[in-house]
**Student:** 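Take a look at the following structure, please.
Residue numbers start from 1 in every chain, and the chains themselves are labelled A, B, ... in the order their sequence lines are given, proteins ahead of strands. This is a predicted model, so every value here is computed, not measured.
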2 protein chains.
Amino acid sequence: MSTRPAHAQPTRELLLDSLETLLLSGGSSAATLEAVASTAGVSKGGLLYHFGSKEALYQGFLDRMVVRSRAEAAQILDAPQGVVAAYLDASSVADDPSTRTVLAALRLAGVPEVDVEAALAESFSFWYETIARRIDDPVLARMVQLVGDGFYLHALIGSGSDHDTAVVERVVSLVADWQRDAS
Amino acid sequence: MSTRPAHAQPTRELLLDSLETLLLSGGSSAATLEAVASTAGVSKGGLLYHFGSKEALYQGFLDRMVVRSRAEAAQILDAPQGVVAAYLDASSVADDPSTRTVLAALRLAGVPEVDVEAALAESFSFWYETIARRIDDPVLARMVQLVGDGFYLHALIGSGSDHDTAVVERVVSLVADWQRDAS
DNA sequence: GTCTATAATCGGATAGAC
DNA sequence: GTCTATCCGATTATAGAC
């Protein structure tokens with residue numbers, strides 16, 4: 001019988017949230033065990049009870065990202081604006097929760113402890129499959145994905161453009177034109 | 001009067017090349033002063049003569065990237081295939097020299113010592129200006145850039161697609177159609 | 001489940017010889 | 001310009017109390 005209120009997050013999740021925040025603000029070098037623990041309000045020893053090593057902590061973060069990406073992709077499939085607009089909107093807004101997680105993972109790219117690239121590739125593949133389910137032409141679907149991924153990269157370096165919302169509209173109408181011509 | 005043969009690289013450049021290689025293979029945590037120095041064939045002390053600190057080393061790398069990007073953008077402006085094909089080809093091939101440098105810099109994103117994001121934003125702006133000089137519609141120009149940046153991101157995580165060459169062709173013809181309609 | 005204390009290692013940087 | 005030797009701080013991880 002737990003005494004934790006239903007609304008409070010378990011420490012394990014709090015620790016992963018702290019890792020995400022630290023990765024976004026200071027990169028992988030800022031994500032020390034001590035910093036992650038104290039941001040979550042526990043001691044280093046407390047963290048190491050939940051994740052036995054830095055590698056386990058990182059892997060836990062990546063696993064959660066993949067699970068969430070799969071769920072996010074499923075949601076987007078039935079978005080009222082359509083998959084294209086939904087995907088591009090999410091990827092161009094840096095404080096979208098799922099975008100935050102991806103950006104944090106990107107800042108982890110290259111660390112020796114875990115295979116960040118594989119986890120990100122898996123997440124991206126969910127989104128491609130989702131897009132491709134609504135756009136029959138695989139080349140066009142890939143192009144849409146690449147535009148969204150371009151947004152991710154620009155969010156990573158914090159450089160948006162005034163034309164970005166117009167780009168989203170243009171791509172949406174491009175896809176709509178194609179759907180019309182194909183029928 | 002130097003005794004160095006004309007073809008040998010100065011140690012300073014060798015050190016920056018070593019940093020690039022290490023960033024690509026192991027991320028920022030692998031790019032220790034010791035590792036960079038020994039890859040370049042010198043000692044840690046030897047490195048610190050040329051770059052007085054880790055911060056100076058990183059900044060030297062970013063400065064070189066910005067200089068090279070400006071030169072690369074100028075070259076692409078007069079490429080025989082046209083700017084669009086040239087930009088997309090370069091960004092989709094992970095072992096292109098200038099792409100390697102950008103990917104290495106992306107793996108440095110978030111480190112506290114230097115402003116990687118600003119340097120990358122400057123490089124990307126050169127390319128946008130170059131693309132925009134050949135495509136009058138700024139929204140279309142930005143879309144082309146975003147597709148290329150999507151390639152960069154996928155190169156970062158090592159996940160290409162079979163459709164990528166077809167995407168390049170499609171975007172090129174998309175731009176050609178627009179140029180025709182506008183005239 | 002969480003804490004403190006401590007061991008062991010590593011990375012950045014200085015000093016000074018050659 | 002390059003080297004070795006050394007210092008110092010930071011970081012991961014363990015041990016064991018509560």
Side-chain angles (χ1 to χ4, degrees), chain A residues 1-23 25-62 107-108 110-114 116, chain B residues 1-23 25-62 104 107-108 110-116:
Chain A
M1 199 85 146
S2 170
T3 55
R4 193 191 340 273
H7 63 275
Q9 292 202 52
T11 302
R12 197 189 145 88
E13 295 301 305
L14 262 177
L15 287 164
L16 295 179
D17 291 344
S18 302
L19 173 60
E20 181 173 294
T21 299
L22 285 164
L23 284 173
S25 63
S28 63
S29 58
T32 65
L33 297 185
E34 163 65 29
V36 171
S38 79
T39 300
V42 298
S43 68
K44 205 191 304 191
L47 182 157
L48 285 165
Y49 169 79
H50 294 281
F51 299 98
S53 67
K54 192 170 198 182
E55 176 180 337
L57 175 68
Y58 285 173
Q59 192 59 54
F61 177 73
L62 295 179
R107 294 204 147 180
L108 209 53
V111 298
E113 291 90 354
V114 287
V116 184
Chain B
M1 198 84 146
S2 171
T3 55
R4 196 190 338 274
H7 62 275
Q9 292 202 52
T11 301
R12 198 188 145 88
E13 296 301 305
L14 262 177
L15 286 164
L16 295 179
D17 291 343
S18 301
L19 172 60
E20 181 173 294
T21 300
L22 285 164
L23 285 173
S25 63
S28 63
S29 58
T32 65
L33 296 186
E34 163 66 28
V36 172
S38 79
T39 300
V42 297
S43 68
K44 208 193 297 193
L47 183 156
L48 286 163
Y49 168 79
H50 294 281
F51 300 97
S53 68
K54 190 170 198 179
E55 177 181 336
L57 174 67
Y58 285 173
Q59 193 58 55
F61 177 72
L62 294 179
R107 294 207 147 178
L108 210 54
V111 298
E113 290 90 352
V114 287
D115 193 346
V116 185

**Student:** If a pair satisfies salt bridge (Lys or Arg N to Asp or Glu O under 4.0 Å) and one of its residues is in residues 42-57 of chain B, list it, with sequence neighbours excluded.
**Tutor:**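 Qualifying pairs, neighbours excluded: none.
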
**Student:** In Å, rounded to the nearest 0.5 Å, how long is the span from CG of Leu15(B) to CD of Gln9(B)?
**Tutor:**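 The CD atom of Gln9(B) is 10.5 Å from CG of Leu15(B), to the nearest 0.5 Å.
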
**Student:** Apply salt bridge (charged side-chain N to carboxylate O under 4.0 Å, His left out) to Glu13(A) and list each qualifying residue two or more places apart in sequence or on a separate chain.
**Tutor:**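 Testing Glu13(A) for salt bridge (charged side-chain N to carboxylate O under 4.0 Å, His left out), a comparison that skips the adjacent residues, returns Arg64(A).
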
**Student:** Grab the CG-P distance between Leu22(B) and dG11(C) for me, whole Å please.
**Tutor:**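 These atoms are roughly 12 Å apart.
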
**Student:** How many Å lie between OH on Tyr49(A) and C1' on dT14(D), as a whole number?
**Tutor:**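 Between C1' of dT14(D) and OH of Tyr49(A): 17 Å.
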
**Student:** Using a 4.5 Å cut-off on heavy atoms from C-beta on, say whether the side chain of Val114(A) contacts that of Phe61(A).
**Tutor:**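 Phe61(A) does not reach Val114(A) side chain to side chain.
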
**Student:** What is the distance, to the nearest angstrom, from the CG atom on Leu19(A) to the C1' atom on dT12(D)?
**Tutor:**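 Taking atom C1' of dT12(D) as the reference, CG of Leu19(A) is at 15 Å.
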
**Student:** Strictly under 4.0 angstrom, non-hydrogen atoms only: write out the protein contact profile of nucleotides 13-18 of chain C, one letter per nucleotide from the 5' end, B, S or -.
**Tutor:** BB----

**Student:** Whole angstrom is fine here: how far is it from CG in Leu15(B) over to P in dG1(D)?
**Tutor:**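 After rounding, the reported distance stands at 12 Å.
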
**Student:** For the pair made of CG in Leu14(B) and P in dG1(D), what is the distance, rounded to whole Å?
**Tutor:**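 My rounded result for the distance is 14 Å.
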
**Student:** If I take atom OG from residue Ser29(B) and atom CG from residue Leu23(B), how far apart are they, to the nearest 0.5 angstrom?
**Tutor:**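 Separation between the atoms: 9.5 Å.
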
**Student:** Tell me which nucleotide among dC3(D), dC3(C), dG12(C) gets nearest to the side chain of Thr32(B).
**Tutor:**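 Of dC3(D), dC3(C), dG12(C), dG12(C) is nearest to the side chain of Thr32(B).
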
**Student:** Would you mind reading off the distance between His50(A) atom NE2 and dT2(C) atom C1', rounded to a whole angstrom?
**Tutor:**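 These atoms are roughly 8 Å apart.
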
**Student:** How long is the straight-line distance from CG of Leu16(B) back to OG1 of Thr11(B), given to the nearest 0.5 Å?
**Tutor:**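 Interatomic distance, Thr11(B) OG1 to Leu16(B) CG, rounded to 0.5 Å: 11.0 Å.
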
**Student:** Report the distance from atom CD of Glu34(B) to atom C1' of dT9(C), rounded to the nearest whole Å.
**Tutor:**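 Roughly 14 Å, once rounded to whole Å.
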
**Student:** Nearest whole Å is fine: how far is dT2(C) C1' from Leu47(A) CG?
**Tutor:**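 Spelled out: CG on Leu47(A) to C1' on dT2(C) is 11 Å.
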
